[in-house]
Amino acid sequence: MGREREKNLIDLPADDLDPVMPVQKRDPSFLYPLLLGAIAFFMVIGFEPLNPVNAGWILGRLDPTQHYLGWLFYRNSEWTFPIGLNPLFGQDLSSSIVYSDSIPLLAIPFKLLGPLLPERFHYFGIWLLACFLLQAWLTWKILGLYSKSISLRLLGCGLFLFFPPMLWRINTPAGGHSALVGHFLILWALYLILRPTQNKRTLLWVLLLSLSVLTHFYIFAIVVLLWLADLENHLVVQRDISVQKGLREILLSLICVILLTWQVGYFAISASLNNDRGYGFFGMNVLGLFDSQDWSYILESRTNPSSWGEGFAYVGLGVIVAGFAALMSLFIQSSGNIGCLKAFFKNHRYLLALIIFLTIFAISNRVGIGDFSFTYPLPAWLLRIADTLRSSARLFWPVHYLLMIAIFIAIVRTYSHKIALAILGVCVLIQAADTSKGWLANRAQLAHYQSEDIHVQKLSNSFWSKAPSHYRHLTLVPSVNRPPNWENFSIYAASHGLTTNAVHMARIDLAKQDESNARLNQQIDSGSFNQDTLYIVENRFVIAALATAPENTAIAKIDTFNVIAPKWNDCSNCPPIDPKLILTRDRYASKLGEVISFANSSPNRSYYFRSGWSWSEDWGTWSDSKNATLNFTWPQLSSKLLNLQFDTFVVKGKHLVQEIDVKVNGVFYKKIFLTHVYDNELDIIFTPEMKKSKYLSIEFEMHNLARPVDLIEDRPDHRKLGIGVRTAIFK
């Protein structure tokens with residue numbers, strides 16, 4: 001019964017061919033959308049990205065560099081089990097090919113072919129071409145359910161090929177998101193839902209789910225939701241699938257998906273999210289369908305753009321015009337079109353429920369309506385779940401496509417063939433021409449070539465060319481996701497066969513990061529550096545490293561970077577480092593009575609701030625953590641004490657006192673209670689035991705931090721403040 005009701009929506013008998021089945025040779029029409037897809041690809045992207053040894057269009061952009069380097073390190077690593085692990089890319093932070101967004105679907109087979117491929121081979125241009133071809137072909141299949149007219153279907157394909165949210169992914173503000181251009185997987189899911197037959201249903205859905213999970217998690221999440229809605233419709237509403245068959249389909253899908261997610265490395269880390277950019281941060285504006293965000297010559301941007309453009313949902317002027325034509329059809333065949341729509345959703349109730357859910361989820365609880373916005377609260381547990389899909393606007397993509405399919409159906413059902421051709425033809429021309437304001441700019445950027453040499457220009461000293469013959473690892477301290485200059489060091493490491501933690505990943509494991517930094521801090525504090533590792537450290541670690549490093553370890557400022565090279569001084573065939581670049585223990589030693597300033601005008605202030613400090617201001621520097629530590633080199637002459645001058649964050653009548661434990665070299669020194677903002681002073685009187693330490697470490701443990709935004713009107717400062725150091729003097 002359900003299948004018969006669904007046929008009311010279809011003008012002509014549907015083509016029973018499935019997306020994976022070969023088209024009969026006697027019908028070459030399947031080549032038409034492929035040709036159209038290729039034309040759109042070369043219009044929007046150009047020829048250069050198809051060169052698999054040309055990474056110039058990738059480098060210089062944040063996310064594409066991440067995807068490319070993730071693949072490069074993965075290709076050069078030994079095979080692991082699970083096979084998707086990427087141990088060379090990240091060292092202690094390493095995870096898998098999944099979290100560099102390097103498209104496991106292609107990374108794994110091309111790794112198998114690695115010995116046959118050029119040294120700098122990549123597949124991202126090939127993938128983008130495949131996305132355009134399959135976008136056109138799956139659209140052709142879907143529209144073929146409602147029209148057998150080749151010309152009408154090709155024009156419909158044109159609207160889907162110049163779909164701004166897909167084209168925007170080719171070059172976002174952070175660079176291209178190649179995996180997320182794979183909208184054809186969403187169209188495939190919609191085709192499986194809309195087709196009138198359930199022939200090979202389980203096989204096709206399992207195949208689609210598998211390909212989606214090997215492409216990108218967001219694509220997979222969308223496909224899973226569409227699959228579950230369709231399965232519920234056939235089990236509960238249409239009842240043309242038995243419960244036994246449905247359970248078998250669920251079980252087989254689960255087995256395949258779990259096996260694949262395990263093998264490609266989804267479980268390699270306990271992914272951690274940045275709460276400041278959680279659910280709602282990337283929500284879709286309610287008026288986003290009509291807001292061009294500079295992708296139209298005619299329609300101006302009328303809303304506040306979502307953060308980094310992630311909420312971009314503009315359908316294009318051609319689709320808008322086609323939508324008006326579809327609305328007019330309601331006046332021509334009101335009862336017929338509305339009746340078909342009711343019949344369809346009566347047969348697909350769970351799909352309708354999913355459409356409503358996806359729309360609400362995409363908008364998020366931070367609702368934006370043009371320039372107006374408001375937020376409604378959600379339970380913390382629900383927000384934690386929603387954070388898994390924090391770029392919520394992406395989940396509106398299938399609703400986009402269903403709207404466009406409905407527009408096509410309304411036009412071809414209502415108007416004569418000639419009028420429908422005219423409407424769709426004009427709309428495709430408008431869509432391609434008007435959105436060219438966006439994609440032509442992208443094409444120009446993709447044509448801009450950047451050599452890998454540009455990214456290692458900061459490493460110009462001859463030391464860098466010699467170091468890889470003595471070290472196997474390049475480690476940045478601290479170990480964090482996307483550290484400053486990460487791409488320079490990552491490309492350098494890849495070029496010389498080194499492992500590195502200079503990486504950028506989509507998700508990181510904060511527990512792994514904390515463990516890694518604990519080990520690195522211990523190495524610096526004890527001077528026990530790994531002999532096969534070249535370290536690049538921030539200024540705040542230099543004082544400790546200079547105090548603890550053995551004599552055979554070279555510490556130098558090379559090309560503005562602090563380098564720790566274990567055993568370099570004992571190496572007979574290691575070229576000497578320019579003496580002007582060598583850092584010595586006396587370099588940061590203060591004279592007795594000399595004022596050490598922590599204001600932003602002091603060039604050496606960053607060397608003293610070991611941890612827990614905010615940015616410097618013209619008077620000094622606030623702490624912004626529960627624990628804040630200062631490091632000092634002992635003066636050349638014996639000193640009796642260190643005098644510290646500092647401010648305290650207290651607010652009269654609201655926040656009366658700061659309770660602070662002071663530790664010296666890790667040992668409790670005294671507890672202080674501070675009640676005044678200014679003119680606070682602390683003398684650290686040195687004992688013989690303190691002076692046994694190779695350097696001086698002073699830690700402040702603050703028990704009642706507070707935020708100015710909570711206590712002071714018109715001061716939107718969200719830092720948790722304790723003390724603000726001004727000066728230090730050895731006496």
Side-chain angles (χ1 to χ4, degrees), residues 66 73 86-96 99-100 268-276 471-490 493 498-549 553 555 561-566 606-615 621 623-631 663 665-666 693-695 697-702 705 719-720:
Q66 168 202 18
F73 279 93
N86 197 6
L88 301 185
F89 193 59
Q91 295 175 350
D92 292 344
L93 297 183
S94 66
S95 54
S96 69
Y99 294 105
S100 60
I269 67 170
S270 299
S272 304
L273 299 177
N274 185 334
N275 291 329
D276 292 335
Y471 301 104
R472 295 175 51 207
H473 313 287
L474 176 69
T475 298
L476 274 59
V477 185
S479 184
V480 296
N481 189 32
R482 208 179 78 187
N485 300 293
W486 75 272
E487 59 270 71
N488 299 292
F489 286 110
S490 192
L498 305 176
T499 75
T500 187
N501 66 344
V503 297
H504 174 209
M505 299 180 190
R507 296 287 189 274
I508 62 167
D509 190 323
L510 290 181
K512 282 186 176 183
Q513 178 178 283
D514 291 342
E515 291 172 5
S516 176
N517 282 317
R519 283 192 291 270
L520 292 171
N521 273 278
Q522 190 277 331
Q523 289 179 3
I524 289 173
D525 289 335
S526 64
S528 55
F529 300 104
N530 294 334
Q531 305 303 306
D532 59 355
T533 302
L534 181 67
Y535 297 86
I536 313 297
V537 304
E538 290 184 355
N539 288 349
R540 58 195 177 102
F541 298 99
V542 168
I543 286 177
L546 287 171
T548 63
T553 295
I555 302 180
F561 301 108
N562 302 307
V563 177
I564 300 177
S606 59
Y607 292 90
Y608 303 111
F609 298 133
R610 179 65 180 267
S611 62
W613 302 95
S614 184
W615 61 82
T621 305
S623 66
D624 62 356
S625 299
K626 178 178 175 60
N627 296 87
T629 303
L630 295 171
N631 281 353
K663 298 178 182 179
N665 298 333
S693 296
K694 295 181 178 180
Y695 65 98
S697 173
I698 301 175
E699 180 183 347
F700 302 92
E701 182 179 354
M702 286 153 278
L705 302 176
R719 292 176 296 173
K720 293 182 177 180

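Atoms considered below: every heavy atom in the structure, side chains included; atoms not considered: hydrogens, waters and symmetry mates.
Residues I524 and A545 come closest through the heavy atom pair CG2-N, 3.9 Å. Shown here for A547 and K694, the closest heavy-atom pair between the two residues is O-CD, 3.2 Å. Contact between N631 and R540 at its shortest, heavy atoms only, is ND2-O, 4.1 Å. Shown here for W615 and T621, the closest heavy-atom pair between the two residues is O-CG2, 3.7 Å. Looking at every heavy atom in both residues, G90 comes nearest to M505 through CA-CE, 4.1 Å. Smallest separation of non-hydrogen atoms from F529 and A549: CE1-CB, 3.9 Å.
Note: F89 and F73 have tilted aromatic rings, judged against thresholds of 30 and 60 degrees for the angle between ring planes.
At distances below 3.5 Å, not a single donor-acceptor pair connects side-chain atoms of N86 with backbone N or O atoms of S95. Under a 3.5 Å cut-off, the side chain of D509 and the backbone N or O of A511 do form a donor-acceptor pair. Listed for the N665 side chain is a donor-acceptor partner under 3.5 Å among the backbone atoms of S697. No donor-acceptor distance shorter than 3.5 angstrom exists from the side chain of T500 to the backbone of S490, with no hydrogens or angles considered. In this structure, S623 contributes its side chain and G612 its backbone to no donor-acceptor pair below 3.5 Å. Panel note: side chain N627, backbone E701; no donor-acceptor pair is recorded below 3.5 Å. Under the 3.5 Å distance criterion, the side-chain polar atoms of K512 are matched with a main-chain donor or acceptor of S94. Panel note: side chain Q66, backbone H504; a donor-acceptor pair is recorded below 3.5 Å.
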Next item on the list: For L474 and I536, run side chain to side chain contact (heavy atoms under 4.5 Å, CB included): C-alpha distance rounded to whole Å, both residues' side-chain angles, the deciding distance at 0.1 Å, then the answer.
Entry: CA-CA 8 Å; L474 176 69; I536 313 297; 3.9 Å; yes
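Within the 4.5 Å cutoff, no side-chain heavy atoms of T475 are placed close to those of S479. For the pair V563 and L534, the minimum side-chain heavy-atom distance is below 4.5 Å. By the 4.5 Å heavy-atom criterion applied to side chains, D525 and T548 are not counted as neighbours. Using a 4.5 Å heavy-atom cutoff, the side chains of Q522 and S528 are in contact. Residues L630 and F700 meet the side-chain proximity criterion, which asks for heavy atoms closer than 4.5 Å. Looking at F609 and E538, their side chains never come closer than 4.5 Å, going by heavy atoms from C-beta outward. Using a 4.5 Å heavy-atom cutoff, the side chains of N530 and Q523 are in contact. Side chains of N481 and W486 form no contact here, defined as non-hydrogen atoms less than 4.5 Å apart.
For the atom pair CD of Q91 and CG of L476, the computed distance is 9.0 Å after rounding to the nearest 0.5 Å. In this structure, the separation between CD1 on I269 and CD on Q513 is 11.0 Å, given to the nearest 0.5 Å. Rounding to the nearest 0.5 angstrom, the gap separating the CE atom in M702 from the CG atom in D624 is 9.0 Å. To the nearest 0.5 Å, the span separating CD1 on I564 from OG1 on T553 amounts to 8.0 Å. We find the NZ-OG1 distance between K663 and T629 to be 9.0 Å, quoted to the nearest 0.5 Å. Taking CG of L88 as the reference point, atom CG of N501 lies at 12.5 Å (rounded to 0.5 Å).
For Y535 and F541, the distance between ring centers is not under 6.0 angstrom.
No more than 12 heavy atoms of other residues, nucleotides or ligands shown are found within 6.0 angstrom of CZ on R482.
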